[in-house]
Amino acid sequence: MLQLGFIRSNREKVLEGLKKKNFQDLDLIDKIIASDDLRKTLQFNSDELLAKRNAASKAIGMLIAQGKKEEAEAQKAEVTTLKETIDSYAVQLAEVEGIVEGMLLRIPNLPGERVPVGKSAEDNTVVRQHGDIPKLHDGALPHWDLITKYDLVDFQTGVKITGSGFALYKGRGAKLQRAMIQYFLDYNIAAGYTEFIPPYVVNYASAYGTGQLPDKEGQMYHMAIDDLYLIPTAEVPVTNIYRDEIIPSASLPVKMTAYTPCFRREAGSFGKDVRGLNRVHQFDKVEVVHITEASTSYDVLEEMVLHVEKLIQSLGLPYRILLLCGGDMGFASAMTYDFEVYSAAQERWLEVSSVSNFESFQSNRMKIRTKDENGKTQLLHTLNGSSLALPRILASLLENHQTPEGILIPEVLRPYFGADMIA
RNA sequence: GGAGAUUUGUCCGAGUGGUUGAAGGAGCACGCUUGGAAAGCGUGUAAACGGGAAACUGUUUCGAGGGUUCGAAUCCCUCAGUCUCCGCCA
């Protein structure tokens, strides 16, 4: 969430940013400031009373030590009368703090300067496009048919075991999946990212930290019996490694990568949007997370974009990079690049990666900080991106690389997969 | 799942109701000392939220939350983590 102090001293800038993000409830800002004014007054008064009480209590202690019992008793009676006021302030303060927090949680992150103005996906800017759209042979198939033809993924049995949206990968399909995970991880590690295998289940505080909670609980699977959540992305456990930490500046930037399955309840749309591997409840993803000083986060964002871009290139897939407009960006993001890969048989673009700078929006919630040269604590910036989400990569890989003889495996995957082709 | 122990600052560790935000030690930073280093000596060394132009200062925080009390790290309740033993188990 945004920092209160920032909102207070940059009211105009905040309003402008929220407009760009297409945020409707602009009154909220003035309401927050007004409630916070009240909070400050309450805290000031309450602190004064508490100070008075503490001083009196100390005095009582000394009186008792000196054996002046009667004076002590008199003092006690006096402090007792303070109690009621103190309690009522505590109640009011807690209430106002709750109100401010509740409003603050509804304010999305502000878009960065370079974010284009716009309302929907149609207003996103294509930053660049690369790779030729392949001309497929006659009889070329969409991936859901290729999957059946080569017996790579069994959706029916996935439904039997769990329900719709849960795929059963088998044989060469499973191996190709594993080959990609291995390759993606090795690629990230070679670029200086440290690999983690985090828990796939997180508690409330972690889901809150990255912004999944509150409000978006419907998107996650929740295990009520233990009050834990299945992760929707590795971003959640990995970024939370540093929750409530002050990271020494010598350790920055922090570069982490992790493969995890991702679980998403999202009901979503129907028909060809969700056909095959386009949208599933459980999928594999390799994620990269960066924690960095504020001054370098936008350089890091570009660095991450290049990193993901080269990875997609190495798979020989045609792709384009979009810079999302204000209205299409996520709640917590300040700037997001989406990567889309062209799916030749479906004749459409599929999102396979999203690389975002959250600035201090997440770190403010998680209290991920460092000390600057003056010894003051400063919030760090967090960034993350997929490198990459597997199902749609698999889908476009099957579709784009299909030949009448079989599916060609990209060279970089062959050592991991152990064959040149699925025939 | 059952029984017992335990949870204090960056770390170790003292502290069972009263100037304790917290002894002592280590680490770290700065200064002195030194040809240089080490040792030694001295000083400093938490965070959040307030007040103040600043110096400075108030409040809160001793696993988390609640309670008792004029006053709680210290007493009571609930929950969580860690360790040991037993049970179950890949």
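The side chain of A/N54 contributes an N or O atom lying less than 4.0 Å from OP1 or OP2 of B/rU60. A sub-4.0 Å separation between OP1 or OP2 of B/rU69 and a side-chain N or O of A/R53 is absent. Residue A/R39 places none of its side-chain N or O atoms closer than 4.0 Å to OP1 or OP2 of B/rC49.
Picking from B/rG51, B/rG58, B/rA48 the nucleotide with the shortest atom distance to the side chain of A/T377 gives B/rA48. When the nucleotides B/rG18, B/rU59, B/rC70 are ranked by their closest atom to the side chain of A/T80, B/rC70 comes out on top.
In terms of position on RNA chain B, the residue among A/K58 and A/K76 whose nearest nucleotide sits closer to the 5' end is A/K58. Annotation: of the two residues near RNA chain B, A/A55 and A/K83, the 5′-most nearest-nucleotide partner is A/A55.
Geometric assessment of A/R365 against the ring of A/Y208 yields a positive cation-pi assignment under the 6.0 Å and 45° thresholds.
Between B/rA48 and B/rG36, the two P atoms lie 39 Å apart (nearest whole Å).
With respect to A/D37 and A/R8, a salt bridge is recorded, a charged nitrogen being found less than 4.0 Å from a carboxylate O. A salt bridge is absent between A/R369 and A/D244; no separation between the charged side-chain nitrogens and carboxylate oxygens falls under 4.0 Å.
At the heavy-atom level, A/Q75 lies nowhere under 4.0 Å from the strands shown. Nucleic acid contact class of A/I60 (heavy atoms, under 4.0 Å, all strands): base. If you check every strand for non-hydrogen atoms under 4.0 Å, A/L82 touches nothing.
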